[in-house]
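Residue indices begin at 1 and follow the sequence shown.
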Amino acid sequence: MANEKFDLAVLGGGPGGYVAAIRAAQLGLRIAIIDDNEKFGGTCLRIGCIPSKALLESSHLYEETRHHLAAHGISATGVSVDLAKLMERKTKIVDALTGGINILLKRNKVTMFVGRGVLRSPNLIEVNGANRTEVHAAKILIATGSIPASLPGVKVDGNLIGDSTTAISYESVPKRLVVIGAGYIGLELGSVWNRLGSKVTVLEAMDRILLGLDGEIAKLAHRTFVKQGIEFKTSAWVQSAEMHGSECVVQCKDSEPIKADRVLMCTGRVPNTTNLGLEQLKITVDRRGFIQVDEKFETKVTGVFAIGDCIGGAMLAHKASEEGVACVERIVTGHAHVNYDAIPAIVYTSPEIATVGKNEEQLTEAGIEFKKGVCPYGANGRARTLGDIDGRVKILAHASTDRILGVHAIGLRAGDLIAEAAVAINFGASAEDLARCCHAHPTLSEIMQEAALIVAGRSIHT
């Protein structure tokens, strides 16, 4: 195996890497994939997206049982959480999915190597695992993903002061939890522990939460999370977080110290591109460490490609997968495309927040005239039968062509609703196109149709 020559070696077994490897194998290439964890699937599957969503679902059911079943005439007493059992369920889900990926790779005849891969030449990766192995390939694809960003002064110990990896495995519910960062990850994990009983305080350096999301939607989300019991301190510049005895103490600029039982640092992610041998090959990275590539995902070194979080842009698993497929299809067929305007993003809080395309602020800044249609969940019959009418869907369309430019939603199952909007944007649909598509009744999807009707000024139910 060590002397086998591959057509393509993929460095990184996450959602970008393993999807690229499988697609390349389907296209007839001999493929090797290298990851430093024997469970392929990357951060997203092992310690990110999947385990956090498992915890979000469990904590959501606990919250529903305690506070929202009475409206349905259902009484529940003595409700409690077995945290160990909750964590066990999360682990079983992760194990099932990682095992499934290994099966998929084997089924597609992808050769797997476990160990830390380092580029030694444009055609050679040295794998330092249980045994040192050299993987030779005609081309190399780097898909090493990202890691949590650090913050000066925050002394992460991987236990009481930790990052998202730590926060999906707490052995007990902290009485007081300070979350540094009000982005997707911080709000999702903060929501989990808030529902389970923690007093959660979120610190954000900017003057708003969910920076980058549509401003109106972010304000609604902020208001809702406050009602749920989460405390926010915006414009809070964290200078330090460290242990004082058995307590965590967080110091913000010009503020009193904040004491907590645990601190969760969620200040974004940075590319996992150090110690890969990039310098030796003279592969260009920017000041933040993102690998620079062209429209074909090729680096300055011919035959070496990169995709996913390590090249920047939206740091999302599905974006990495799309790039992986596009990259290998270009290598084999010469043709591929990723429409970055049609990549959705979701915050899996309650309510869910979902977005695709441009937001109001971006369109205004670009000088693009637009019209909008906003439909509240309260106008929808299915939302009322489900007992959750807080939320809205907003469609932004070009003022003259009516082409959909962006869709933003907050509310029950918004993450599922946004898929329709992503398809519409990808196919260049107008708001009228969406409005004229028959939507089943009663469904939440009718909110999307009604918002499209409102764009044209001919709403039916609002």
Side-chain angles (χ1 to χ4, degrees), residues 4-35 40-42 44-45 49 100-113 117 119 122-123 125 135-146 271 273 281 283-284 290-345 356-357 419 422-428:
E4 186 176 0
K5 182 71 178 285
F6 297 92
D7 296 313
L8 176 68
V10 180
L11 182 55
Y18 85 77
V19 169
I22 290 172
R23 182 62 185 134
Q26 291 172 346
L27 292 168
L29 302 186
R30 181 177 292 179
I31 305 298
I33 188 168
I34 302 150
D35 197 89
F40 283 71
C44 177
L45 179 45
C49 317
I101 289 173
N102 281 31
I103 291 171
L104 288 171
L105 291 168
K106 290 177 182 177
R107 183 184 299 164
N108 285 276
K109 296 181 173 56
V110 176
T111 303
M112 293 176 279
F113 295 88
L119 279 72
N123 306 109
I125 298 176
V135 177
H136 299 264
K139 292 180 171 61
I140 290 172
L141 173 58
I142 304 169
T144 50
S146 61
T273 55
L281 271 64
I283 292 175
T284 308
F290 290 110
I291 298 172
Q292 303 295 283
V293 296
D294 62 17
E295 71 281 356
K296 297 181 293 184
F297 303 103
E298 194 166 17
T299 69
K300 292 292 185 182
V301 178
T302 301
V304 179
F305 302 81
I307 59 163
D309 285 6
C310 67
I311 68 169
M315 299 175 97
L316 300 167
H318 45 283
K319 176 259 197 185
S321 296
E322 287 296 305
E323 289 178 338
V325 170
C327 179
V328 298
E329 288 186 349
R330 263 190 182 274
I331 290 172
V332 177
T333 71
H335 305 285
H337 174 65
V338 176
N339 183 356
Y340 288 102
D341 285 330
I343 294 177
V356 63
V423 171
I425 290 176
N426 201 45
F427 282 90

Take I101 and L45, measure what side-chain contact (heavy atoms from CB on, under 4.5 Å) needs, and give me the verdict at the end.
CA-CA 10 Å; I101 289 173; L45 179 45; 3.2 Å; yes
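- Under the side chain to side chain donor-acceptor pair (under 3.5 Å) criterion, E329 pairs with R23, sequence neighbours left out.
- Here the straight-line distance linking atom CG of L27 with atom CD1 of I22 works out to 12.0 Å at 0.5 Å rounding.
- Residues D35 and G13 come closest through the heavy atom pair OD1-N, 2.7 Å.
- Closest of all the heavy-atom pairs between A345 and L316 is CB-CD1, 4.0 Å.
- For the salt bridge (charged side-chain N to carboxylate O under 4.0 Å, His left out) condition, the pairs that include at least one residue of residues 334-344, sequence neighbours left out, are D341-K358.
- Across all their heavy atoms, L141 and C327 have their closest contact at CD1-SG, 3.9 Å.
- Of the inter-residue distances, the one linking T273 atom OG1 with I283 atom CD1 reads 10.5 Å to the nearest 0.5 angstrom.
- S146 and M315 make their closest contact through CB-CE, 3.5 Å (heavy atoms, listed as atom of the first residue, atom of the second, distance).
- Among residues two or more places apart in sequence or in another chain, the side chain to side chain donor-acceptor pair (under 3.5 Å) test is passed with K139 by none.
- The line from CZ of F305 to CD1 of I140 is 10.5 Å long, rounded to the nearest 0.5 Å.
- Minimum interatomic distance between A317 and P15 (heavy atoms only, all atoms of both residues): CB-CG, 3.7 Å.
- The two residues A32 and V135 make their nearest non-hydrogen contact at CB-CG1, 3.9 Å.
- Other residues, nucleotides and ligands contribute over 12 non-hydrogen atoms within 6.0 Å of the CZ atom of R330.
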So V338 and F297, side-chain contact (heavy atoms from CB on, under 4.5 Å) or not? Walk me through it.
CA-CA 11 Å; V338 176; F297 303 103; 4.2 Å; yes
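- A320 is linked by a side-chain contact (heavy atoms from CB on, under 4.5 Å) to nothing, counting only residues two or more places apart in sequence or in another chain.
- Partners of V19 according to the side-chain contact (heavy atoms from CB on, under 4.5 Å) rule, which considers only residues two or more places apart in sequence or in another chain, are S321, V325.
- Considering only residues two or more places apart in sequence or on other chains, N108 meets the side chain to side chain donor-acceptor pair (under 3.5 Å) condition with none of them.
- Residue I125 holds its CD1 atom at 7.5 Å from CD1 of I142, rounded to the nearest 0.5 Å.
- In this structure, CZ on R30 lies 10.5 Å from NZ on K5, to the nearest 0.5 angstrom.
- Atom CG of L8 sits about 9.5 Å away from atom CD1 of I33, to the nearest 0.5 Å.
- In terms of the side-chain contact (heavy atoms from CB on, under 4.5 Å) criterion, residue partners of N123 (sequence neighbours excluded) are, by chain and number, S121.
- Residues passing the side-chain contact (heavy atoms from CB on, under 4.5 Å) test with K300 are T284, sequence neighbours excluded.
- Residues satisfying the side chain to side chain donor-acceptor pair (under 3.5 Å) test with E323, not counting sequence neighbours, are K319, Y340.
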